[in-house]
Amino acid sequence: MSEKRTEISSVGEFGLIDRIHAHFPITNANTQKGIGDDAAILRGGDESILVSTDMLLEGVHFDLSYMPLQHLGYKAVAVNVSDIAAMNARPEQIVISLAISNRFSVEAVDALYEGIRAACTNYNIDLVGGDTSASVSGLVISITAIGRAAKEKIATRGGAKANDIICVTGDLGAAYMGLQVLEREKQVFLTNPEMQPDLERYEYLVGRQLKPEARMDIIHELADKNCMPTSMIDISDGLASELLHLSKNSGLGVKIFEEKIPIDNLTYETAIEFKLDPLTCAFNGGEDYELLFTISPADFEKLKNHPDIHFIGHMHDNANQNVMISKQQTVVPISAQGWNHFKGERIE
Ligand code: ADP
Ligand code: MG
């Protein structure tokens, strides 16, 4: 080992993953795709098996002072389901690894698994295993989800073609604003424990933060409409970062229109109240768990009247030009200012 020390913050999360990726070429014929997408793709005859894993750490990803354990259990499953959904596949099994400190009681673990069970029921998933360990520092939940899809139905981050239409489901930035509201109320409570939290007005935002849903409904609808996304990713880190993933993996540029970006009214108003730019919340907030995907223009007719799918722009040939056309018609480059947790800028 050399004496050289490189800070992780200097390469970032994606830089770190790229370094790991570079040293692990695929050697098994049945490994179709390893590191680099929302889930790995394994060959399984006519079908492909999808594998994805996500870890949630107390103090980094969640704060138990406002995250009820049932919600945490549900969310831990939902974020994994979202990664399988993002491959245009169906989740079937999960395994869960848990590290718990003696601060937690059996009843607390029951509450966590109540949420996990609700999610398993809702998404039609079997919990088939895991691992349990003592922890010296809080709660850690790591979930691996296994999914399945016909191999020609798999949507990766890299299949978009020039002129494909960029679609986004739901609305963006709400989960991030929900987090801001929860953090504010926590501070108020810490200063004055007599104060009751004022959350009613922000119910939608707080719900988006504490109870995210993976958009399996969209995956089923796309299948029903016989609409095959040409590329897809889930929005966990924010629209900007995910658009750049589609661009990089598809070798194309993205062009989107500010006026088309779906932001709920309450998200907009609350961002202003917090002196934040609503657009920045949508671009960089993260944890929306909506789907970002591209479709061939030939499929537009099939989706054009869908109430929850928004057409925000298109792919084009110039891979180096990722831009947003603002409401004032100016061209704004898209950059993932990204929330880099190795720089401690955000709990994600
Ligand atoms: P997502 O935001 O969809 O969860 P990530 O950015 O976490 O995706 O991961 C991108 C890719 O890198 C995925 O293929 C994931 O499996 C892989 N990956 C992430 N962390 C590691 C790691 N420590 N070792 C190996 N592969 C990793
Ligand atoms: Mg993902």
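Scope of the values below: all heavy atoms of this structure, side chains included, with no hydrogens, waters or symmetry mates. Note that the coordinates shown come from a computational prediction; the quantities given were computed from them, not determined experimentally. Order of listing sets the numbers, starting from 1, for every ligand and every atom in it.
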Is there a heavy atom of H23 sitting under 4.0 angstrom from any atom of ligand 1? no

For atom 13 (C) of ligand 1, which of the options I35, D38, D37 provides the nearest non-hydrogen atom? D37

Backbone, side chain, both or neither: what part of [X] comes under 4.0 angstrom of ligand 1, heavy atoms only?
{"X": "F14", "value": "side chain"}
{"X": "L16", "value": "neither"}
{"X": "R157", "value": "side chain"}
{"X": "T53", "value": "neither"}

Looking at [X], which atoms of ligand 1 are within less than 4.0 Å of one of its heavy atoms?
{"X": "D83", "result": "3 (O), 4 (O)"}
{"X": "D54", "result": "4 (O)"}
{"X": "S236", "result": "2 (O)"}

In terms of side-chain geometry, is the basic nitrogen of E258 or K260 positioned less than 4.0 Å from the acidic oxygen of its partner?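 Salt bridge flag = no for K260 with E258.
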
Supply the atom-to-atom distance D54 CG to L56 CG, rounded to the nearest 0.5 angstrom.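 CG of L56 is found 6.5 Å from CG of D54.
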
ILVMFWY network linking M232 to M87, side-chain heavy atoms under 4.5 angstrom: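 The answer is no; the residues belong to distinct hydrophobic clusters.
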
Less than 6.0 Å separating the ring centroids of H71 and F62?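 For H71 and F62, the ring centres are not under 6.0 Å apart.
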
Are the side chain of [X] and the backbone N or O of [Y] linked by a donor-acceptor pair below 3.5 Å?
{"X": "D63", "Y": "S65", "answer": "yes"}
{"X": "R208", "Y": "L179", "answer": "no"}
{"X": "T121", "Y": "R117", "answer": "yes"}

Does any N or O of ligand 1 fall below 3.5 Å from an N or O anywhere on I20, backbone included? no

